[in-house]
Amino acid sequence: MKIATYNVNGINGRLPVLLRWLGEAQPDAVCLQELKAPDERFPLAAIEAAGYGAVWHGQKSWNGVAILARGAKPVETRRFLPGNPDDTQSRYLEAAVNGIILGCLYLPNGNPAPGPKWEYKLDWFGRFARHAADMLKTGLPVILAGDYNVMPGERDVYKPERWTDDALFRPEVRAAYAGLIDAGWTDALRHLHPEERIYTFWDYLRNAYGRDAGLRLDHLLLAPAIAPRLRTAGVDRHVRGWDKSSDHAPVWITLAKP
DNA sequence: ATGCCCGCTTGCAGCGGA
């Protein structure tokens with residue numbers, strides 16, 4: 001089974017790129033972020049024509065998350081992160097696919113730091129960590145996949161010293177991410193490739209992709225109930241080089257049969 | 001320190017992204 005996460009940066013603007021990648025990569029389940037579209041503008045017909053069922057949680061202009069499953073409709077289990085009923089941003093969606101619980105997240109960027117956006121990021125991360133802890137207690141096969149907007153370590157940044165004060169790399173968010181790992185979650189790509197430089201994002205500016213000035217922001221975290229099934233993991237970085245591409249590339253893992 | 005690029009908008013310039 002192949003599971004992927006992809007920040008599409010506008011699902012309608014990127015639809016040709018998304019469909020081309022789905023046809024090429026043939027993932028069984030996909031978490032999408034940054035739909036940048038309200039619910040009624042989700043391109044369901046095109047997704048279904050490509051062979052995928054979908055659940056989604058959209059929002060006008062910004063944010064928005066979706067979960068796709070090949071040949072099936074994901075069974076939605078949650079569409080808000082618990083703990084703050086006033087939070088209206090569409091950044092979390094959870095569904096069961098093929099016996100696995102998939103949490104699809106788009107963690108806030110948090111820049112500029114300090115400031116209200118930074119505070120929102122820390123609050124969101126705290127709520128996410130509490131929900132992740134609750135999910136661990138269930139003992140279920142859970143995967144939390146998405147754009148975490150955190151580079152977990154030095155080797156996840158092309159030039160770490162330039163990013164020390166940035167909301168994506170400040171000690172607070174790196175510590176929050178490390179806390180997830182300490183709690184028992186497995187960072188799939190880092191687990192299988194402990195020393196490699198791995199990037200999942202290249203800025204549109206300054207020819208970042210051409211210079212390979214990238215960041216690793218998109219992660220798949222596996223609960224202990226499913227981590228032993230992990231086989232391979234990678235980044236489809238060539239997709240970032242396609243015309244009209246997102247600034248993120250798709251990230252994927254494969255799992256052995258249960 | 002800013003713009004560089006990109007998609008989005010009760011749109012044609014401003015915002016958010018990372």
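Numbers restart at 1 for each chain; the letters A, B, ... are given by sequence-line order, proteins then strands. Computation of the quantities below employed the complete heavy-atom set of this structure, encompassing side-chain atoms and omitting hydrogens, waters and symmetry-equivalent molecules.
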Q: Would you tell me whether A:His57 and A:Glu94 have side-chain atoms, one donor and one acceptor, within less than 3.5 Å of each other?
A: no
Q.
What I want to find out is whether A:Asp28 reaches A:Lys2 closely enough, with some N-O distance under 4.0 Å, to be called a salt bridge.
A. no
Q: Using the P atoms only, state how far B:dG16 lies from B:dC12, rounded to an integer number of Å.
A: 15 Å
Q) Just wondering, are more than 12 heavy atoms of other shown residues or ligands nearer than 6.0 Å to CZ in A:Arg162? A) no
**Q.** Syn-anti status, with the boundary at 90° from 0, for the nucleotide B:dC4
**A.** anti
(Q) Need one value for A:Lys121: base, sugar-phosphate or nothing, where a base atom within 4.0 Å counts as base even if backbone is also close, heavy atoms only. (A) nothing
(Q) Whether A:Arg190 and A:Asp156 form a salt bridge (side-chain N of Lys/Arg under 4.0 Å from carboxylate O of Asp/Glu) is what I want to check. (A) yes
Q: Would you give a per-nucleotide map of nucleotides 5-10 of chain B, 5' to 3', where B means the base has a protein non-hydrogen atom under 4.0 Å away, S means only the sugar-phosphate does, and - means neither?
A: BSBSSS
**Q.** C1'-based separation of B:dC6 from B:dG11 [nearest Å]
**A.** 16 Å
Q. Do the side chains of A:Arg174 and A:Pro152 get nearer than 4.5 Å, heavy atoms only?
A. no
**Q.** Atom-to-atom span, CH2 of A:Trp163 to P of B:dG17 - whole angstrom
**A.** 14 Å
Q.
Quick test of your reading of the model: are A:Asp187 and A:Arg216 salt-bridged, counting only N-O distances below 4.0 Å?
A. yes
Q) To the nearest Å, how far apart are A:Arg162 CZ and B:dA1 P? A) 14 Å
**Q.** Aromatic ring pairing A:Phe125/A:Phe128, orientation class (parallel under 30°, perpendicular over 60°, tilted between)
**A.** tilted
**Q.** Inter-nucleotide P distance (B:dT10, B:dC5), Å rounded
**A.** 25 Å
Q: Name the nucleic acid region contacted by A:Asn207, choosing base, sugar-phosphate or nothing; use a 4.0 angstrom heavy-atom cut-off, strictly under.
A: nothing
Q. Given atom CG of A:Leu168 and atom C1' of B:dG16, what is their separation to the nearest angstrom?
A. 13 Å
Q) Can you tell me how far P in B:dC4 sits from the matching atom in B:dT9, rounded to whole Å? A) 23 Å
Q: Using the P atom as the reference point in each nucleotide, state the distance between B:dG14 and B:dA1 in Å, no decimals.
A: 23 Å
Q. With a 4.0 Å cut-off on heavy atoms, is A:Tyr106 in touch with a base, just the backbone sugar-phosphate, or nothing at all?
A. sugar-phosphate
**Q.** Interatomic distance where CG belongs to A:Asp247 and C1' belongs to B:dC4 [whole Å]
**A.** 14 Å
Q) Contact class for A:Asp147 (heavy atom, under 4.0 Å): base, sugar-phosphate, or nothing? A) sugar-phosphate
Q | Between B:dG17 (C1') and A:Gln59 (CD): distance, integer Å | A | 14 Å
Q: In whole angstrom, give the distance that lies between atom OH of A:Tyr120 and atom P of B:dG16.
A: 14 Å
Q: For nucleotides B:dT2 and B:dA13, find the distance between their P atoms and express it as a whole number of Å.
A: 23 Å
Q: Have a look at A:Tyr148 and tell me which of A:Leu217, A:Asp218, A:Leu180 forms a side-chain contact (heavy atoms from CB on, under 4.5 Å) with it.
A: A:Leu180
(Q) Rounding to an integer number of Å, can you tell me how far A:Asn63 CG sits from B:dG17 P? (A) 7 Å
